[in-house]
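Worksheet: the structure to be examined is printed underneath.
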Amino acid sequence: MVKKYSRKEHILLIGFSTIIFLSMLLFFLRIHPLIIYDADDWLYASYFRLPIPIWHDWNPSRVFPEIFMPLCSTLAVYLFMPLTHDYIWSLALMYGIVVSFFIALYVSAFALFLREKMKASVSNSVIISTFFFLFHFLIFKTSESGNHHMFYANDVTCYFYYIIPTILNIVLVIILELYPDLMDIFSRKNGILKGVISFSVYMAIFSNMFCSVIIAVWAGVEIINSSLNLISCKDFKFKTILRNNIYKVMIVLGWLISIIYELSGGRAESLAGISFAESVKYTIRNFTQVLIGVNKYVAVLLVCVIILYFMLIRNKKQARYILIALANAAIIGAFLILACAKSNAYYITRTEILLALCFWVFAAIGIMMTALINNKAIRILSPCILLLLYASINSHGITFADANCGEVDWKTCYDISSDFVEQIEVADDDNKMNIVLKVPQYDDAQNWPLAIYGEDRICYTLYKHGIVSHDLNVVFEPDNSINQKWGITS
């Protein structure tokens with residue numbers, strides 16, 4: 001049963017969520033804006049698909065990102081461009097707001113979980129959730145500049161394909177953990193809300209297998225846990241298990257269907273390479289390097305939390321949730337290794353992939369901290385440790401990398417993309433049918449990230465968004481002089 005909150009507690013929770021949102025808004029609008037740049041960004045900013053999985057499509061089951069990203073982009077054009085008169089910045093503004101909202105939702109949902117399930121006070125939930133939030137920025141901060149935080153993605157497209165779907169899956173898991181009746185198909189209560197949650201679950205499952213594994217594994221672990229409880233009570237009946245876990249079974253089956261669809265796609269067919277066994281070996285090696293490369297100070301802090309918890313605390317309910325979190329982490333970790341081995345062994349090093357795993361690890365640590373924070377000495381030290389963690393995020397250089405595959409600063413991406421838009425607009429005004437765009441030259445056969453095969457995508461998106469009146473034929477001409485102009489090293 002959900003607790004009733006006092007007015008003071010409501011203000012504290014809303015204030016905390018607002019601070020997280022505003023801090024992320026500052027981060028994604030002023031420090032590291034999300035600027036469309038590469039061929040994928042230009043395509044998926046306007047590519048709407050049917051809201052169902054499509055057999056043999058390039059991305060057969062990635063329904064959510066291929067609806068949500070073009071929707072946000074279109075809204076940006078209609079809502080912000082009349083105010084900014086700047087196409088690229090209007091998109092960046094919308095992307096920053098959306099990503100900031102999802103991160104605030106994510107952290108707030110975790111705080112609510114601690115309050116409801118761990119019986120922590122609102123103030124303790126906020127303190128621990130702040131630790132939880134900061135861990136995402138510090139776990140891989142190991143140098144003065146160019147670090148990757150857990151909300152980092154390779155480009156804008158990957159924010160909609162990985163970060164946002166991962167957060168959607170996690171938030172839904174927390175909601176279903178707190179309010180299981182919302183998916184009770186045998187009850188007629190909360191019909192509209194059930195519809196919204198069911199639609200969200202559908203979108204979460206058909207988003208990206210690296211993200212949807214979160215809700216699928218959670219449902220599977222819950223089914224196993226329910227079955228073990230019935231066995232211990234000597235009341236094991238298949239019908240009882242099915243009735244008690246019907247929506248969880250549906251989630252697992254839906255996820256398996258999404259995997260089958262994904263394996264039929266063009267992307268899956270294009271990934272054939274070395275033997276699977278060899279790829280698994282390389283993936284495990286890469287994953288080991290990731291573990292070795294974590295921030296040593298954060299690792300020491302996490303180990304201290306674990307040691308103190310086992311030394312001072314004996315709470316069966318908390319231990320149960322810690323075991324469930326670790327079971328989810330272990331299964332997801334194994335899945336990610338196998339999935340990355342099948343696709344690309346390098347993927348396991350990407351933080352947007354690892355977020356699905358790190359959430360459960362951070363959640364387990366957060367549950368331990370919930371018990372420890374009641375210790376007077378630890379409670380006194382907590383604000384000091386938080387301040388030290390916050391201060392250590394900043395460094396003398398540009399602490400974190402900008403989100404683009406070109407490995408350049410966001411201002412350069414903005415200038416180049418804006419220049420493309422301006423050239424195409426001029427050609428459109430002159431009623432030209434063809435235009436040659438000189439682009440930076442990259443050391444790649446297809447000139448990725450400004451790939452030759454994506455040369456028509458820029459004008460296609462501009463035409464779809466009403467920026468130009470007709471779809472021009474665009475030809476990319478990689479030119480090293482453009483690299484020198486913008487200070488790009490290929």
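From a predicted model like this one, the values you see are computed outputs, not experimental measurements. These numbers come from the heavy atoms of this one structure, side chains and all, not from hydrogens, waters or symmetry mates.
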A quick test of your reading: do over 12 heavy atoms of other residues, nucleotides or ligands sit less than 6.0 Å from CZ of F101?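 No.
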Is it the case that atom CD1 in I192 sees more than 12 heavy atoms from other parts of the structure closer than 6.0 Å?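 Atom CD1 in I192 is not packed in, count stays at 12 or less.
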Quick one about S226 and N245 (side-chain donor to acceptor, distance below 3.5 Å, no hydrogens or angles considered), yes or no?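 Result is yes, a qualifying pair exists.
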I need the minimum non-hydrogen distance between [X] and [Y], along with the two atoms involved.
X: L336; Y: I353; result: CD1-O, 3.7 Å
X: F68; Y: V98; result: CE2-CG1, 3.6 Å
X: F140; Y: T351; result: CD1-CG2, 3.8 Å
X: L354; Y: M150; result: C-CE, 3.8 Å

Which of parallel (below 30°), tilted (30 to 60°) and perpendicular (above 60°) describes [X] and [Y]?
X: Y162; Y: F210; answer: tilted
X: H149; Y: F28; answer: perpendicular
X: W218; Y: Y247; answer: tilted

Polar side-chain atom of S207 near backbone of A204 as donor-acceptor pair, under 3.5 Å: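 At least one qualifying donor-acceptor pair exists.
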R285 to Y282 six-membered ring, cation-pi geometry met (6.0 Å, 45°):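 Here R285 fails the 6.0 Å and 45° test against Y282.
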